[in-house]
J.: 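This structure is in structure tokens; I'll ask about it shortly.
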Amino acid sequence: MITMWTDEKIHQFRKTLLNWYDQAGRKNLPWRQDQDPYHVWVSEIMLQQTQVNTVIPYYQRFMTLFPTVEALASAPEEQLLKAWEGLGYYSRVRNMQKAAQQLVTDGRVEWPQTMKELEKLKGIGPYTAAAIASIAFLEPVAAIDGNAFRVLARLFKIDADIRLPRTRQLFFEVGNQLIDPKRPGDFNQAIMDLGSSYMTAKNYDSEHSPVKAFNAAYQDGTEDFYPVKSKARPARLIHYFAVRITSPSGYLFEKRPKQGLLANFWTMPLYALTEFTEDPEADWQLAEMVTATEKRLKMDYGIQTTLKPLSEKAITHVYSHQKWQVIVLTGTLDTEVDVKRGQWQTLSEIAKKPQPKVQEKIWQHLRAHK
DNA sequence: GAATCGTGGTA
DNA sequence: TTACCAAGATT
């Protein structure tokens, strides 16, 4: 059960928080130079599950390449993915383009100005809708992100599991009672700045926090209990072969399917070992697996060649829900051949394609074992 | 509600 | 090395 503060205490909190924000807030961030909804939107999408320092150069480049909603709406997908390359969660930028196309009607951009309406746009959920509505349109709605979960959980000693979707509503209601109706955008951003400075997840410094007097968990020394968050499931281990084939025409490269992990990104052919063995956790023989891969390469691409492991040592690459162990196999063709799938590409052609981080690791691995 | 979807930083 | 965290949304 949460004990809500008195009106007097709420007013004191707003004043304390916003005074601190005016004095110490990160006003120099590139997306905080104005309240243009497009700027707020792009920054909020980029900042999802991504740290501020990572986002800054991406944001600046993106605004140069796609300065307006119209530019975003009409951009070629490959150019968008290239601009997002390395940021991760690539459906974010695909969804953003769909939303941009929703926004452009009869050649003009019409922005919905409420959280409720903003949530109807692709890729804009409750957090991002509240952030845009409060910052760009001054609607008093709480933007509940990881920072707000953590800050509010400590201020009010809320012990609901923040990993559970149903918990969001509780925090949203608490936030909506606290938010300053005159400066809703600044209030939300102040909570986030607080959550990324004095009230971080680890190594927090509640002692020097401007709102320590309001922090119930700090006041009774229980702050490392908050927020309550259940454990995530461990990532599943998957073994892969990455196949580097060269010919006089270049490297064999392939565009991934338009749905799922790394959709529409380009990689060398990848085979999960589950293609060749029932139990890839068991003690498999590398030579047998390589022979099986040669057969599949002929079936899938029409390529006949001998493959050799570049190294016994695998590349490790971790996603949120999968852990890849990738062994690189190499093969060479001396003559030009047509392929049933994929494309032959030169290095300069490849450089223009959006490639995932794991492909970059494969390139590095190849250079290291040359 | 549980799974999916990336990458970089840090203890 | 492992585990967790970082301005979440979609299916």
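This one's a predicted model, so the numbers in the text were calculated from it and none came from an experiment. Numbers restart at 1 for each chain; the letters A, B, ... are given by sequence-line order, proteins then strands.
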J.: For A:Val55, answer base if it contacts any base atom (sugar-phosphate contacts may also be present), sugar-phosphate if it contacts only those atoms, and nothing otherwise; contact means non-hydrogen atoms under 4.0 Å.
T.: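 Here A:Val55 touches no strand at all.
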J.: Find out whether A:Gln364 and A:Glu360 are in side-chain contact, i.e. whether some heavy atom of one side chain is under 4.5 Å from a heavy atom of the other.
T.: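 Heavy-atom side-chain distance check passes, below 4.5 Å.
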J.: Is there a path of hydrophobic side-chain contacts, each under 4.5 Å between heavy atoms, that joins A:Tyr59 and A:Leu81?
T.: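 Yes, because A:Tyr59 and A:Leu81 connect within a single hydrophobic cluster, where side-chain heavy atoms sit under 4.5 Å apart.
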J.: Report the distance from atom NZ of A:Lys323 to atom P of C:dT1, rounded to the nearest whole Å.
T.: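 Atom NZ in A:Lys323 sits about 9 Å away from atom P in C:dT1.
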J.: Taking protein heavy atoms under 4.0 Å as touching, what does nucleotides 6-11 of chain C look like 5' to 3' if B marks base contact, S marks sugar-phosphate-only contact and - marks none?
T.: BBBSSS
J.: Counting any heavy atom closer than 4.0 Å, what does A:Asn203 reach on the DNA or RNA strands: base, sugar-phosphate only, or nothing?
T.: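 Sugar-phosphate contact only.
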J.: Which two nucleotides bound the region of DNA chain B that has atoms under 4.0 Å from heavy atoms of chain A, read 5' to 3'?
T.: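 Footprint of chain A along DNA chain B, 5' to 3': B:dG1 to B:dA11.
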J.: Could you tell me whether the side chain of A:Trp41 reaches within less than 4.5 Å of the side chain of A:Met96, counting heavy atoms only?
T.: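 A side-chain contact exists here, since the closest heavy-atom pair is under 4.5 Å.
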J.: For C:dA6 versus B:dT4, give the span between their P atoms, rounded off to a whole number of Å.
T.: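 It works out to 23 Å between them.
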J.: Assign each of A:Ala263 and A:Arg233 to its nearest nucleotide of DNA chain B by heavy atoms, then name whichever residue's nucleotide is nearer the 5' end.
T.: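 By nearest-heavy-atom nucleotide position, the 5'-most residue is A:Arg233.
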J.: Return yes when atom NZ of A:Lys182 has more than 12 non-hydrogen atoms of other residues, nucleotides or ligands closer than 6.0 Å, and no otherwise.
T.: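 Not buried by this count: 12 neighbours or fewer within 6.0 Å.
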J.: In a check of side chain to side chain contact (heavy atoms under 4.5 Å, CB included) between A:Trp344 and each of A:Thr246, A:Asp338, A:Leu252, which one passes?
T.: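 Per the side chain to side chain contact (heavy atoms under 4.5 Å, CB included) rule, the option paired with A:Trp344 is A:Leu252, out of A:Thr246, A:Asp338, A:Leu252.
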J.: If you count the non-hydrogen atoms of other residues, nucleotides and ligands that lie under 6.0 Å from CD in A:Glu207, is the total more than 12?
T.: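 More than 12 heavy atoms, drawn from other residues, nucleotides or ligands, come within 6.0 Å of this atom.
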J.: Does NZ or CZ of A:Arg154 fall inside the cone over A:Tyr204's six-membered ring, less than 6.0 Å from its centre and within 45° of the axis?
T.: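 Output yes; distance and angle both within limits.
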J.: Looking at A:Tyr58, does the NZ or CZ of A:Arg61 lie under 6.0 angstrom from its six-membered ring centre and within 45 degrees of the ring axis?
T.: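 Because its charged atom sits under 6.0 Å from the ring centre and within 45° of the axis, A:Arg61 does stack over A:Tyr58.
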J.: Could you work out the separation of C:dC4 and B:dA3 based on their P atoms and round it to a whole Å?
T.: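 It comes out at 16 Å once rounded to the nearest Å.
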J.: Counting any heavy atom closer than 4.0 Å, what does A:Lys361 reach on the DNA or RNA strands: base, sugar-phosphate only, or nothing?
T.: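 Contact class for A:Lys361: none.
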J.: P atom, B:dG8 versus C:dT10: distance in rounded Å?
T.: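 Here B:dG8 and C:dT10 have their P atoms 24 Å from each other.
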J.: Pick the P atom in C:dA7 and in B:dA11, then give their distance to the nearest Å.
T.: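 Their P atoms lie roughly 16 Å apart.
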J.: Check for me whether the distance between the ring centres of A:Tyr38 and A:Trp111 falls short of 6.0 Å.
T.: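 When the ring centroids of A:Tyr38 and A:Trp111 are compared, they turn out to be at least 6.0 Å apart.
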